[in-house]
Amino acid sequence: MAHLYFIGGSKGGVGKSMVSIALCDYLTQHKGQHIKLIESDTSNPDVGKIFAKDEKVEVISCRLDDADGWIELVNLCDGNQDDVVVNSAARANEAIAEFGGTLTGSLDELKMDFTTFWVINRQRDSIELLKGYMESVPVGALHVVRNMHFGAATKFELYNNSKLKGEAEKRGSTIDFPDLADRVSDAMYSQRLSVARGLEEMPLGNKAELKRWRNAAWQMFASTFAEENGNGN
């Protein structure tokens, strides 16, 4: 059964793009799959550009700001045999609330498993956006991603001490996404390098940091999916 992954956060700068890049790398390079990447951040389609020449990734632009976009997303998933990764835009919260049911109401007929990775930083609005998403999309596995770029897990006090954390973990888990040195991530974006290409083309020190980060990300996804399958989500 194909799997649909939604990478969200509904605000800029939390690290959605890096999580999308890491997940695409895990599925294609570690698992050896061919996937579809739905790039819905049409204003800054960095993830789509990074994977534009990857033979294992079919990049499709789909603007999820109105009903037509969500209908198109469902149509793209219909009959699809590949896993699908949706990289959502920063502005997505209102559209998700209004039109997200178009997708979630179609999941049974699509015969796709559905998993959300919701990326947060340490600010209150990030937690509030998570709450809104959980209310709008009450189905599928949900993994809240604490981005270590913003500090150690203990520093996410607003989320860690909230009732929302317990509610979210009933649907999945809280996971910690490894930080990547700025000079390496900046090079990936500016040069449009996937992880695989970066490990071929970057200077040796950059490669060592990228390899460390990739291994940590792969371990995070592997343990997350093992737990998700064990929980039957």
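- Counting non-hydrogen atoms of other residues, nucleotides and ligands closer than 6.0 Å to CG of Asn161 gives a total above 12.
- Residues Met220 and Pro178 approach most closely at SD-CD, 4.3 Å, considering heavy atoms.
- Tested against Thr174 for a side-chain hydrogen bond (donor to acceptor under 3.5 Å, both in side chains), the candidates Arg146, His143, Glu169 yield a single pass: Glu169.
- Between Lys36 and Leu76, every side-chain heavy-atom pair lies at or beyond the 4.5 Å cut-off.
- No side-chain heavy atom of Lys31 sits under 4.5 Å from any side-chain heavy atom of Asp83.
- A donor-acceptor pair under 3.5 Å is formed between the side chain of Ser185 and the backbone N or O of Asp182.
- Linking ILVMFWY residues whenever their side-chain heavy atoms come closer than 4.5 Å, directly or via other members, places Tyr189 and Val85 in the same cluster.
- Residues Leu23 and Phe117 have side chains in contact (heavy-atom distance under 4.5 Å, counting atoms from C-beta outward).
- The backbone N or O of Asn121 lies less than 3.5 Å from a partner atom in the side chain of Ser126, making a donor-acceptor pair.
- Put simply, the side chain of Asn147 gets close to the backbone of Val14: a donor and an acceptor are under 3.5 Å apart.
- By the 4.5 Å heavy-atom criterion applied to side chains, Arg197 and Phe51 are not counted as neighbours.
- With a 4.5 Å cut-off on side-chain heavy atoms, Asp25 and Ser194 do not count as touching.
- Under a cut-off of 6.0 angstrom, the local environment of CD in Glu201 is crowded, with over 12 non-hydrogen atoms contributed by other residues, nucleotides or ligands.
- Under the ring pair (Phe, Tyr, Trp, His ring centres under 6.0 Å) test applied with His30, the options Phe221, Phe225, Trp218 reduce to a single match, Trp218.
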Report task. For salt bridge (Lys or Arg N to Asp or Glu O under 4.0 Å), just list the numbers for Glu209 and Arg212, CA-CA rounded to whole Å, side-chain angles, deciding distance to a tenth of an Å, and then say yes or no. Result -> CA-CA 5 Å; Glu209 165 63 5; Arg212 177 204 65 79; 2.8 Å; yes
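- The main-chain N or O of Ala153 is found under 3.5 Å from a side-chain atom of Asn160 such that the two form a donor-acceptor pair.
- Counting only heavy atoms from C-beta outward, the side chains of Asp41 and Asn87 approach each other to under 4.5 Å.
- Between Lys170 and Glu167 there is no salt bridge, since no side-chain N of the basic residue sits under 4.0 Å from a carboxylate O of the acidic one.
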